[in-house]
Number of protein chains: 2
Amino acid sequence: MSARLDAQLAFLLEADRLKQITRASYLADRSRHENSAEHSWHLTLFALVLADQAPEGVQIDRVIRMLILHDIVEIDAGDAPIHGAVDTEAMAAREQAAADRLFGLLPGDQTVEFRALWEEFEAAESPDAIFAKSLDRFQPPVLNLHSEGGSWPDYDVTEEQVRSRVGPKIARGAPGLWDWLSPKLTAWFGKE
Amino acid sequence: MSARLDAQLAFLLEADRLKQITRASYLADRSRHENSAEHSWHLTLFALVLADQAPEGVQIDRVIRMLILHDIVEIDAGDAPIHGAVDTEAMAAREQAAADRLFGLLPGDQTVEFRALWEEFEAAESPDAIFAKSLDRFQPPVLNLHSEGGSWPDYDVTEEQVRSRVGPKIARGAPGLWDWLSPKLTAWFGKE
């Protein structure tokens, strides 16, 4: 039992480093960039509060578990800004290696269980993962709209780019959230 | 439906401010203080990983929901360091007022639901809340042991004070975690 706990604590301490992975997004008051640990917390709160936006059959507690874990690989692989230029294949390889090392710190049964949850999130094919992904795409534009465009001006992003990069993924998992967001994008970019 | 979403998003944006509430604890590498949003995320990960330390009957997904919400009131009330001098009654009053305002931003049914979860956590009487509290007491000494004592030297805390302030609460909800931590405290303070 003690060896099991030692392994679990080694993982939990390594996970602490997610607090130092900086994202492209800003906090809502634009005082600084958001980190991936607090972003993960914010997303679990989005899932809890916006559960009634999930299609029937989605299990919110599984969505929350996925969101707790979804960015852990960034500890080794870094964050890939959605509007940045990223080599998708190289990034995927880095994330797989990160998942090997990080989930590998856990006891064997949990290595398998957590890795499977993360892979399910990444694949975005199950109803739970599709909803989780839609929240992960929905939260950054919400923050951006409240922080003078947040990361959009930094990357010279146009309304069309935002719509094409996040719209389909939000609308797929949470159509009500896209309906809410879409006119706000029009209004914000219209004022630019 | 749109008014409901507007209220939910107003709450989620206000919750963003938890990322700016600084705690006494440091990150594991002592590079800076931890904030309450990333601490909340870390605790949900502790709950997920250490679920097998929970007594029978504890529902981990309810524990996780409590931990997502447990520090929200700090947005208005601030963080009360466990080893700092705090007027407990005044702090409790500030936290009640904060809960009124913050959970009050949500649609009525969620105001009631989330407030009840937070009150359950605070009361620490149900098995789920007792386990959640034990994790909330367990994580800071774990970080401190890996960051040159973390907040202990800042507050001139002795081993006896740590034991009496966190020991009973950890042991009550998660005896296995206290058995794991206790000799590590002896070793760390012995080296001082």
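A note on names: the letters A, B, ... follow the listed sequences, proteins ahead of strands, and every chain is numbered from 1.
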What do the steps show when you test A:H39 against B:K19 for side chain to side chain contact (heavy atoms under 4.5 Å, CB included), and what is the final call? CA-CA 9 Å; A:H39 160 75; B:K19 300 167 187 169; 5.8 Å; no
Can you list the steps and then say if B:R65 with A:I60 is a side chain to side chain contact (heavy atoms under 4.5 Å, CB included)? CA-CA 10 Å; B:R65 287 174 177 234; A:I60 287 299; 3.8 Å; yes
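Salt bridge absent: A:R62 and B:D61 never bring a charged side-chain N and a carboxylate O closer than 4.0 Å.
Annotation for B:Q110 and A:V49: closest pair NE2-O, 2.9 Å, computed over non-hydrogen atoms. Closest heavy-atom contact between B:L13 and A:A28: CD2-CB, 4.1 Å. When all heavy atoms of B:L12 and A:H42 are compared, the pair lying nearest together is O-NE2, 2.8 Å. Across all non-hydrogen atoms, the minimal contact from B:G176 to A:L5 is O-CD1, 3.8 Å.
Looking at A:D179, neither its backbone nor its side chain comes within 4.5 Å of chain B, counting heavy atoms on both sides. The contact between A:L48 and chain B is made by backbone and side chain atoms together, counting heavy-atom distances below 4.5 Å. In this structure, chain B has a heavy atom under 4.5 Å from the side chain of A:Q139, while its backbone stays farther away. In this structure, no portion of A:L43 lies under 4.5 Å from any heavy atom of chain B.
Note: B:D29 leads B:D29, B:L69, B:I72 in heavy-atom pairs under 4.5 Å with chain A. With respect to chain A, the highest number of heavy-atom pairs below 4.5 Å among B:I64, B:L50, B:L177 belongs to B:L50.
B:M91 and B:L102 sit in two unconnected hydrophobic clusters of ILVMFWY residues. Membership requires side-chain heavy atoms under 4.5 Å apart, directly or through other members. B:F189 and B:W178 fall within a single hydrophobic cluster, where Ile, Leu, Val, Met, Phe, Trp and Tyr side chains are chained together by heavy-atom contacts under 4.5 Å. Cluster annotation: A:I130 and A:V58 are assigned to distinct hydrophobic clusters (Ile/Leu/Val/Met/Phe/Trp/Tyr, side-chain heavy-atom contacts under 4.5 Å, transitive). Grouping the Ile, Leu, Val, Met, Phe, Trp and Tyr side chains by contacts below 4.5 angstrom, directly or via other members, places A:Y26 apart from A:L145.
The main-chain N or O of A:L27 is never found under 3.5 Å from a side-chain atom of B:D16 such that the two would form a donor-acceptor pair. Side chain of A:W41 to backbone of B:I68: a donor-acceptor contact under 3.5 angstrom is found.
Atom NE2 of A:H33 sits in a crowded spot, with more than 12 heavy atoms from other residues, nucleotides or ligands closer than 6.0 Å.
To the nearest 0.5 Å, atoms CH2 (A:W180) and CD (B:Q8) are separated by 10.0 Å.
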